[in-house]
Every structure is written in C-alpha cells, then in structure tokens.
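Each ligand, and each atom within it, is numbered from 1 in the order the structure gives. Computed from a predicted model, the values in this text were never measured in an experiment.
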Amino acid sequence: MTPEQHLDQVLSAFASPENPRLRDLLSAVIRHLYAIVEETSLTHDEWFAAIDFLTKVGQKSDDVRQEFILLSDTLGVSMLLEMINYRGSVAATEPTVFGPFHVDGTPHRRMGASVVDHVLESDEPLTVKGRVLNTLGAPIGGATLDVWQVQSNGLYDVQQSSDTRNLRGVFTTGADGTYEFVTVRPVDYPVPNDGPVGVMLAASSRHPFRPAHIHFVVSADGHIPVTTHIFDARSKYLASDVVFGVRESLVVSMEDGLCEKDFVLEVKQAG
Ligand code: BEZ
Ligand code: FE
C-alpha cells in the first residue's frame, strides 16, 4: 500500500456525513498532518518529542493559565483567526489579538475619567482621546470603548493579584463621537514564558516581548465591533511582536503625555 492509499483509507474512515463540518475539519487536519510527516521525513523521536511538548502544554494549563492559547498566539494562529473572521472593510480600523487579560464586568467610567486605580512609581501619565466614526466619516454617538492595558511594572493587574483591578474602563462616546480618558503610558512586556511555550521561543531564538500597547474593543449598535490595540511608536519591539499583532495603522505617538486615535467602524449590512 502506498502512503497515498493509506491516507485515502483513513479519510474514508472519517467520511461520515452526519456532521459535515466536523468531517471537513478532521479531513483537513489529517491531510495537513500527513503532509507534514511526509515533507519533513519525520522520525519517531521527533514525533514523540512533539507529543511530549503538547503534553507539557496541557499540563501547564489550568483555569487561569491557558498555554494552548499562548501557543496559538506565538505561532501567529490567533492573529490569523482575527484577520479571516473580521468583516470590516479596509476603511475600518484593523483588528488585532484579544489576548488573555480582558476582564468582564469592568466598571463604566465617565468621559475624561482616569482608569488609574493604583498609582505606581514608574507611571508616566497619558491622556488618550479621539473619535469613533463610521466608514463614511460620520461620528458615532453612544459607541462603547472597553479599554484595558498593562501596568508600568510590566504586569497586568490580574497577574499581580486576582482581586486587584487597575487600568481598565468602559466608556461611551458623546453625540459627537468623541472619547477621552486618562491612563499611564503602557510598557513593553513579556508574555508568560515560564512554560513549554517559553522553551519553544528560546529554542527558536525568539524573545517573548509584546510592544507597548493599549487594548480596545470598540462597538456600537448597527456596526461591526473591532477588537484592536494602539501601539506606542517608541517601542523597540514593533517589528518583532511575539504574537504578530502589530499593524502599521495602529501605531501612534504617545509622546508628551498625549495620544490621539480615531476608531472607524463598518456599518452592519442588513440580513
Ligand atoms: C496581550 O496583549 O495581552 C496578550 C496577547 C497574546 C498573548 C499574551 C498577551
Ligand atoms: Fe496586552
């Protein structure tokens, strides 16, 4: 039997039409896995090393730490999913990764308010402001901006303590589409790298850093929401973000305590 005949035999074993989507997904996984094994002339030792690595990824994961998502992030797969599932046109703000540090139920804050609940010595104050617009340039009143970011010590609040909250807020734009809030300048920070993904990065001569950024989910009734960031133009990691999330259109100046950025949402088509 040839490897091609063997592949056909395996694919037909999974060809049940009961769940066509599952069948198609498994078929793609099997075909691509076989192609990897053949293309690389994979040895037994290498296959067992891969299984050992994935076992460690599973063992490192729990309710708080999700090493498989980190693996997806650092292989660029999370960013690819954002790209292919985003329905905004080129005129809309570009999306980027959501990441693991969003917290549901963040308090709503009044426009212009500070998201700094705990001041750190290394904080550099920053005002962030701009407008939320549609792709025709019209302001969107009542749009929501869910904002979160790293502290100036390089840690998210939830990494420091499970019940402390800092540098998070939800804002609603006024009728003119404007938003504004006070925060601290974000810093470059490493993704968690004390597990098997960290070992993979080191073995590939890759650093674990993300360039300084602020996370946003911007949404409004009748519009396609966007999950995105703004990146500090000063960062030295813009060209080598460990999760491949940087887009030129999202890089902004954060000099002199001010950062201005408009967000553009696509109108949802009916139907
Ligand atoms: C973040 O930007 O918060 C993030 C994204 C992907 C992996 C780890 C952190
Ligand atoms: Fe982040």
Of all protein heavy atoms, the one nearest atom 9 (C) of ligand 1 is Pro100 CD, 3.4 Å

Closest to atom 1 (C) of ligand 1 among protein heavy atoms sits Tyr189 OH, 2.8 Å

Self-check item: Aromatic contact, His213 with Tyr189 (centres under 6.0 Å)
Solution: yes

- [ ] May I ask you to test the His118-Gln160 pair for a side-chain heavy-atom distance under 4.5 Å?
- [x] no

Ring pair (Phe, Tyr, Trp, His ring centres under 6.0 Å) filter on His6, not counting sequence neighbours, yields Tyr34

Atom 5 (C) of ligand 1: closest protein heavy atom, distance to 0.1 Å, is Gly99 CA, 3.5 Å

Quick note on ligand 1: atoms under 4.0 Å from a heavy atom of Tyr156 include exactly 3 (O)

Quick note, salt bridge (charged side-chain N to carboxylate O under 4.0 Å, His left out) partners involving residues 156-172, not counting sequence neighbours, are Asp157-Arg168

Under 4.0 Å from one or more heavy atoms of Asp73, ligand 1 contributes atoms 6 (C), 7 (C)

Would you say that Ile230 contacts Leu250 through its side chain, given a criterion of any heavy-atom pair below 4.5 Å between the two side chains? no

Among non-hydrogen protein atoms, atom 2 (O) of ligand 1 lies closest to Arg210 NH1, 2.5 Å

Next on the checklist: Check this for me: Glu248, atom CD, are more than 12 non-hydrogen atoms of other residues, nucleotides or ligands nearer than 6.0 Å?
Outcome noted: no

Report for the Fe ion (ligand 2), protein N, O or S closer than 2.8 Å, by chain and number, lists Tyr156 OH, Tyr189 OH, His213 NE2, His215 NE2

Take the angle between the ring planes of Phe101 and Tyr156 and call it parallel below 30°, perpendicular above 60°, tilted in between. parallel

Polar proximity ligand 1 side, His215 side, N/O cut 3.5 Å exclusive: yes

If we number the atoms of ligand 1 from 1 as shown, the ones under 4.0 Å from a heavy atom of Val243 are 6 (C), 7 (C)

Those residues at least two apart in sequence (or on a different chain) that pass ring pair (Phe, Tyr, Trp, His ring centres under 6.0 Å) with Tyr237 are His207, Phe209

Rounded to the nearest 0.5 angstrom, the CD-CZ distance for Glu180 and Arg110 is 10.0 Å

